Amino acid sequence: MANNERVYITTTLPYVNADPHVGFAMEIIRADVLARYYRSSGKEAFFNTGTDEHGAKIHEAATKEGIDAQAYTDRYAARFRDLKGLLGLSVDNFVRTTDAHHVMSAQEFWKRCAASGDIYKKLYRVKYCVGCELEKTDSELVNGRCSIHPNREIEIREEENYFFKFSNYTKPLLELYATHPDLVIPSFRFNETKAFVARGLEDFSISRLRRKMPWGVTVPGDDEHVMYVWFDALVNYISAIGWPDDMDRFEKWWPVIQYCGKDNNRQQSAMWQAMLMSAKLPPSKHIVINGFIMSGGQKMSKSLGNVINPFDVVASFKDVTPFPEDVLRFVLLHDISSFEDGDLTLESIKASYASNLQNGIGNLVSRIMKMATTHLDGPVELHELDHHNAIDDAFNVFDIKRALECVMGAASELDAYIQETAPFKVIKVNVEDGEVLIVEMVERLYRIAILLEPFLPRTAKEIQRLIHENKMPETPLFGRLP
RNA sequence: AGCGGGAUAGAGGAGCGGUACCUCGUCAGGCUCAUAACCUGAAGGCCCUGGUUCGAUUCCAGGUCCCGCAACCA
């Protein structure tokens, strides 16, 4: 690892044709926890996110609403920008793929790939249903015919597209994977990538005809074409840190640790890495891949009505805690596997809240601070804290769930320790011994509050404040659900 | 079809060649500092059949059953 003092972390850029998905909320919260953890370990961190705004789906959605594509994306980009406040994120940069700098960067990137001889034009055959006036993919056809217009012949139309010579990169990618054994995390995702590349790669189309789909970045030197949305969007990881015009900034931060969902494995681990090679840029440092969140054992879908909306979850805890965003952060970080698929329902969220936050952390703070405020004259004097090795180990392998479990384990041990040593009993017979115990409880609680900070930032800060001021929480940190 | 993942107490999850662990639930006890919270203990389990091995829940083979990738969707 080349750069040990600085860390550049990014999420993928969500596509702005729908409201933020809870799966993306999980991705961005995990990236946030990582950024906060690195900062707490004395590193400098740069945390990027943003929105992916080009492409046919946006164009169609905007057209359907009868508004300009830019106006459409402005509205949705704001929705995603709001996540920062809603989820308590320490985001440093929000890139929109419609930003002028990003557009320029994507065009320069294209030129570099072209200069490497990896971009060429070729005739592209598309299947077209005149009835629908739409292109059809093979999977949409039934017996070679449009399912809506089975009486019409599917026409084969030819159009010129630019292609990226992905096929040139089969061997270089396999070499990259062999020399960077922790490029893709977890390893079973890396295996999928390797297997996919080893089967041999096919060139992919990276442009669309402007007259059919105008909403994209203009291909350098060819006004008739715009870039396929993937090609332009992936460049955000470097445009966000100043590439190509501010190379000092770029070199300060690159390479990146990127988070993505499992549906993005190929794009990030294979396509993007090949594109970087083509542009003669170093590969990503790590690509950390999340699983999906199911609900009640099934994929979330509107028709099943089991969609967990991050905005709703936060709103539903507003009346019981001053830190509703930390509730969502907690369940996403604690109740879902760091790498496998997980499951979340409204019931499971409530159960986890009651057991871990209300009866766990919240109650622990109350019982300790009650003893402290009753029996101590003033705030406990606090000293520097050493590192928690088990947590560092978990973070080193990006196992955020395990890291949080270490903190929760410490809280649970402290509950048991209070029971064992019974300071509330000791203080009645020996004031001095009782005070020593209570001070110890406060110190241990403080340590937990420090460790908790990357995960539940506002809750952790509040516990620290209570300790510094030797105060009871005015209202329960995590109150009882109605 | 192909590719991939999985089957562990009532439920949901971890684990792993050698006393099988956690959370919730159930039952019994304890404590009173705390948000009827907290602590201790108990009952209960590795899909099936072979193989490798001193020893398999773990590795291998076969079987059964689930799930994902092809449908806007992270």
Side-chain angles (χ1 to χ4, degrees), chain A residues 11-15 17-28 52 56-58 60-61 137-141 147 188-189 191-193 195-196 199 259-266 289-294 296-303 307-308 310 320-321 334-345 347-348 350-352 354-375 399 401-402 405 408-409 411-428 434 437-438 441 472-473 475-481:
Chain A
T11 66
T12 46
L13 298 195
Y15 204 58
N17 63 339
D19 270 341
H21 190 280
V22 70
F24 179 69
M26 178 172 82
E27 178 180 327
I28 200 167
D52 179 5
K57 278 177 251 170
I58 305 283
E60 282 163 23
T137 61
D138 283 334
S139 59
E140 287 173 313
L141 298 178
S147 56
F188 63 87
R189 294 284 171 229
N191 289 342
E192 289 174 12
T193 309
F196 164 67
R199 264 175 253 141
Y259 252 98
C260 70
K262 67 177 183 179
D263 57 328
N264 253 263
N265 187 351
R266 284 181 191 182
I289 301 179
N290 287 326
F292 278 179
I293 302 173
M294 318 282 276
Q298 288 178 296
K299 210 167 166 178
M300 287 184 206
S301 79
K302 279 177 189 157
S303 49
V307 174
I308 306 281
V320 290
T321 172
H334 184 268
D335 298 350
I336 309 271
S337 160
S338 294
F339 307 112
E340 306 273 357
D341 288 356
D343 200 280
L344 222 51
T345 61
E347 291 67 36
S348 78
K350 284 180 188 168
S352 181
S355 153
N356 297 297
L357 296 177
Q358 182 190 318
N359 299 343
I361 296 288
N363 182 57
L364 181 63
V365 171
S366 290
R367 66 193 299 211
I368 290 177
M369 292 319 291
K370 174 67 176 183
M371 290 189 278
T373 51
T374 308
H375 299 293
D399 195 341
K401 175 179 161 73
R402 204 175 85 206
E405 278 169 350
M408 296 308 287
S412 170
E413 277 169 29
L414 187 47
D415 261 327
Y417 190 61
I418 294 172
Q419 183 72 22
E420 255 170 60
T421 57
F424 46 86
K425 215 182 254 180
V426 173
I427 196 96
K428 287 176 189 162
L437 281 174
I438 292 169
M441 301 307 159
M472 273 288 282
T475 58
L477 259 34
F478 299 103
R480 192 153 274 289
L481 283 164

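Residue numbers begin at 1 in each chain, while the letters A, B, ... track the order of the sequences. Everything numeric in this text was worked out from a predicted model, so none of it was measured.
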I'd like to check I308(A) versus I293(A) (side-chain heavy atoms, cut-off strictly below 4.5 Å). Are they in contact? no

Taking the C1' atom in each of A9(B) and C46(B), what is the distance between them to the nearest angstrom? 10 Å

Taking K262(A) first and then D341(A), would you say they form a salt bridge - that is, a charged N and a carboxylate O separated by under 4.0 Å? yes

When rounded to the nearest Å, what value does the distance between C1' atoms of C48(B) and A11(B) take? 23 Å

Under 4.0 angstrom, heavy atoms only, what part of the nucleic acid is K350(A) near: base, sugar-phosphate, or nothing? nothing

Contact under 4.0 Å: K425(A) side-chain N or O vs U32(B) OP1/OP2: yes

On RNA chain B, compare the nucleotides closest to M26(A) and K401(A); which residue's is nearer the 5' end? K401(A)

Could you tell me the separation between the CG atom of N290(A) and the P atom of A74(B), rounded to a whole number of Å? 14 Å

Comparing A351(A) and K370(A) on RNA chain B - which has the more 5′ nearest nucleotide: A351(A)

Which nucleotide in the list C33(B), A74(B), C39(B) gets nearest to the side chain of D415(A)? C39(B)

It should be established whether R266(A) places a side-chain nitrogen or oxygen under 4.0 Å from OP1 or OP2 of nucleotide C69(B). no

Measure from CG on D343(A) to P on A11(B) and round the result to the nearest Å. 15 Å

So L364(A), base contact, sugar-phosphate only, or nothing? Heavy-atom distance under 4.0 Å. nothing

Looking only at the side chain of K428(A) (C-beta and beyond, no hydrogens), which of the listed nucleotides A14(B), C33(B), U35(B) gets closest? C33(B)

Measure the distance from CZ on F339(A) to C1' on G68(B) and round it to the nearest whole Å. 19 Å

Can you tell me, in whole Å, how much space there is between the P of G12(B) and that of G25(B)? 16 Å

Options A37(B), G68(B), C73(B), nucleotide nearest the side-chain atoms of H21(A): C73(B)

Measure from the side-chain heavy atoms of R480(A) and tell me the nearest of U40(B), C33(B), A36(B). A36(B)

Against the side chain of Q419(A), the closest entry in C31(B), A74(B), U35(B) is C31(B)

Between P on A74(B) and CG on N264(A), what's the gap in Å once rounded to a whole number? 10 Å

Looking across every strand, which nucleic acid part, if any, lies under 4.0 Å from F478(A) by heavy atom: base, sugar-phosphate, or nothing? base

Take atom P in G4(B) and the same atom in A74(B), then report the distance between them in whole Å. 27 Å

Just the rounded figure in Å: distance from P of A36(B) to CG of N363(A). 8 Å

Could you check whether E192(A) gets within reach of a base, just the sugar-phosphate, or nothing at all, counting any heavy atom under 4.0 Å? sugar-phosphate

Could you state the atom-to-atom distance from CZ of R402(A) to P of U23(B) in whole Å? 17 Å

For the residue pair N359(A) / S355(A), report whether a side-chain donor-acceptor contact shorter than 3.5 Å exists. no

When all nucleic acid strands are considered with a 4.0 Å heavy-atom cut-off, which category describes L477(A): base, sugar-phosphate, or nothing? base

Nearest-Å distance for atom pair CD1/C1', residues I293(A) and C73(B): 14 Å

Whole angstroms only, please: what is the CG-P distance between D335(A) and A14(B)? 12 Å

Are any non-hydrogen side-chain atoms of E340(A) and F188(A) less than 4.5 angstrom apart? yes

Apply side-chain contact (heavy atoms from CB on, under 4.5 Å) to L364(A) and L414(A), showing your working. CA-CA 8 Å; L364(A) 181 63; L414(A) 187 47; 4.0 Å; yes

Regarding the side chain of K57(A), the nearest nucleotide among C73(B), A34(B), G4(B) is C73(B)

So D415(A) and R367(A), salt bridge (charged side-chain N to carboxylate O under 4.0 Å, His left out) or not? Walk me through it. CA-CA 9 Å; D415(A) 261 327; R367(A) 66 193 299 211; 2.5 Å; yes

S355(A) side chain N/O closer than 4.0 Å to the phosphate oxygens (OP1, OP2) of C24(B)? yes

